[in-house]
There are 2 protein chains.
Amino acid sequence: MDNLFLRKVERQVRLPEAARAALGDLARQQIRHVAARQDLVGHDTGPHHAHLILDGWACRYRQFPDGRRAIVALLLPGDLCDPYRVHRIRADHAVGALTALTVARLAPEALDEAARAHPAIEACFRREMLAALALQREWTAGVGRRSAIERLAHLFCELHLRLAAVGLVADATFPMPVTQPDLADALGQTSVHINRTLRELRAAGLIELRGRRLTIRDLPGLKALALFDPAYLYWA
Amino acid sequence: MDNLFLRKVERQVRLPEAARAALGDLARQQIRHVAARQDLVGHDTGPHHAHLILDGWACRYRQFPDGRRAIVALLLPGDLCDPYRVHRIRADHAVGALTALTVARLAPEALDEAARAHPAIEACFRREMLAALALQREWTAGVGRRSAIERLAHLFCELHLRLAAVGLVADATFPMPVTQPDLADALGQTSVHINRTLRELRAAGLIELRGRRLTIRDLPGLKALALFDPAYLYWA
DNA sequence: CGAATGGTTGATGGAACTCAACATCGGTGG
DNA sequence: CCACCGATGTTGAGTTCCATCAACCATTCG
C-alpha cells in the first residue's frame, strides 16, 4: 500500500514520477512503532526528526507546570509532522501518541535533500506547513469564540474531511479513538462536560459514537451548528 | 532607518551583505498606508500580496456569520505577513489594521526571486513561518487552558518580548494600542471582563496602563502568574 | 460640539467547572 | 476463562467564573 501522505497529496496535485518515488522511499525508512500514551517528541527534546504518521493518531500538546494540559493539534494518518528543521534548543511542546502508532522517522538531511532535488516535494512541504498554520488558526478561533457544543461539532466536521482526504471514511463513519479526557484537553473543557455535550449531540440526532467509531447522522445539521467553513483545510 | 524585520533577524543571524541589501530593497517598494479598522486582506480575497509591517499594529481575524469575531494573531512592526504564496481560492481569515498602519506590499514573485537568489533569505522566511506556527500553538493552548487573568498576563509578557526584539521597549514600557474590545476578541472573552481583569492586574501592582502605553511594574510576578515560558518565541 | 467609540462599574444569569459516586470497558494475569 | 484492576464513561449536586444587560463617564474625531 502506498502511504497516505502521498494519497492525500495526489488528490490535489500530480507529482512527477521521480518525486513520488522519492517520497515513497522516504516513508519506508526507519519505521517505528510507538505505544499509546508514549511521546514521540518530548517537551525537552532538542532538534529532532520529522515524522510521517502511517497509522494511528497522535497529538501535539503542551504540558503546564501545574499539571494542566492543552492539546493543540491532532495528527492523523498521512500527516507530515515537522517537515522543516526546527532549530530550537528546547521544544515548545511535545508530540504524543493517542493510540498505538506507526510512524516513519525521517532524517532532516534526507528531507532537505529530497526537497532540493524535487521542487514538487518542496512545494508539498510548504503546503503542509501552510495547512498546519491555517488549521492552528482555526483551532485558536474555535476555542476562543465557539461554545462547547459548537467546538465539538466543529471538530467532528474537521475530522470527517481530513480523514476522508486519506480514504478513512466510509458511510459517514470513521475511527474516533480519542478519549473524552483527551477531547477535553483539545477543546479546552473538562471531560465531564465533553460527556454531557456528546449526549446532546446524540440526542439531537446529529451523531452516533460507539466503540471508538463515529457516524455522522446529519452532516448538514452538524455543519450548521458548528458554523463550519472548510476554507481553512488545504488538503481536504 | 533600516526596517524592523531586518533588525529582528540580525539579532539572531548575521546576513550576507547581498541578502541584507535585497531584503532592504524589497521593503522599500510599494509602501502603503492603511487607516485603522481597514482590512489589508479581506475574508474573500483570493491569493494576495505579502506584507511587511513597518509601523502600527494589525491582526489576523476570523469573522463568523453571526457577528462573532476571533482575533487569532497580532502583527507587530517588523512582522512579515505571509511570505509564502497562498494558493487558496478564498482566504480563511482576514488581516485588519488595529491602528494606522504603514506596510510594504511585497509581490509574491519578488519574494520567490529573493528566496531563490539568497539562501539566507529563504531561511528567514522559513523561520518566520515556524515562528508563526509556534506562536499560534501557544495562543491555542492559552485560550484553551489559561484563565482570564493568566491569558492577559501572558499576552503582555509576549508583547514585551516581541516588541523588545524590534527595539520598541524602553524601561519596561511599550505601546499597547489595542482596545479592550479587540483584546476581548483576541483572548476569547468579553470587553467587560477584560476591563475587570485589567483592574486586577493593576491592583496587584503588576502593570500600569495609561494612554495606550503599558508599563510592566513586576515582570517576574507577571511571568509567574501567566505561566510564561518563552520557548515558543523564535525571534525574541 | 455632538456623535460614536471606548472605558468603567453594578446587578444578574448561565455555561461550564468541581467534586463525588458509580457503571462500564478493556486488558492482564492467575 | 474468568477475576480483577485501572482507565474511561456517565450522572447528579453544588459552585464559580465569566457573560450578559444596563447604565454612565471619558475620549476622540469628524
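All values below come from the heavy atoms of this structure, side chains included, with hydrogens, waters and symmetry mates left out. Numbered from 1 within each chain, the chains take letters A, B, ... in sequence-line order.
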Within residues 36-83 of chain A or reaching into it, pairs that qualify as ring pair (Phe, Tyr, Trp, His ring centres under 6.0 Å) - sequence neighbours excluded = A:H43-A:Y61

ask   = What pairs meet the salt bridge (Lys or Arg N to Asp or Glu O under 4.0 Å) rule with one or both residues in residues 50-59 of chain B, with sequence neighbours excluded?
value = none

Taking only N/O atoms, report every protein-nucleotides 15-17 of chain C pair under 3.5 Å with atom names and distance.
from, atom 1, to, atom 2, distance (Å)
C:dA16, OP1, A:A148, N, 2.9
C:dC17, OP1, A:T190, N, 3.4
C:dC17, OP2, A:T190, N, 3.4
C:dC17, OP2, A:T190, OG1, 3.1

query = Which letter, B, S or -, goes with each nucleotide of nucleotides 25-30 of chain D from 5' to 3', with contact meaning a protein heavy atom under 4.0 Å?
reply = ------

note = For A:Y234, the side chain to side chain donor-acceptor pair (under 3.5 Å) test, sequence neighbours excluded, returns none

Those residues that, when tested against B:V166, pass side-chain contact (heavy atoms from CB on, under 4.5 Å) (two or more places apart) = B:L4, B:K8, B:L168

request  = Enumerate the residues from residues 199-214 of chain A whose closest heavy atom to DNA chain C is under 4.0 Å, giving them by residue number; use none for an empty result.
outcome  = none

remark   = Taken to the nearest whole Å, CD/B:Q180 to C1'/C:dG6 is 7 Å

query = Considering residues at least two apart in sequence or located in another chain, which fulfil the side-chain contact (heavy atoms from CB on, under 4.5 Å) criterion with B:A104?
reply = B:I31, B:L52, B:L54, B:L106

query = Could you give all pairs that pass the salt bridge (Lys or Arg N to Asp or Glu O under 4.0 Å) test and reach residues 153-182 of chain B, with sequence neighbours left out?
reply = B:R37-B:D182, B:R69-B:D182, B:D79-B:R162, B:E158-B:R162

inquiry  = Output the rounded distance in Å from CG (B:L152) to P (C:dG7).
reply    = 12 Å

Please tabulate, for the side chains in residues 191-206 of chain B, all donor-acceptor contacts under 3.5 angstrom to protein atoms that are two or more places apart in sequence or on a different chain.
from, atom 1, to, atom 2, distance (Å)
B:N195, ND2, B:Q180, OE1, 3.0
B:T197, OG1, B:H193, O, 2.7
B:R202, NH1, B:L209, O, 3.3

note = Rounded to 10°, the helix from C:dC1-D:dG30 to C:dG30-D:dC1 deviates from straight, judged by its five-pair end axes, by 50°

Strand contacts (DNA chain C) in residues 57-71 of chain B, 4.0 angstrom heavy-atom criterion = none

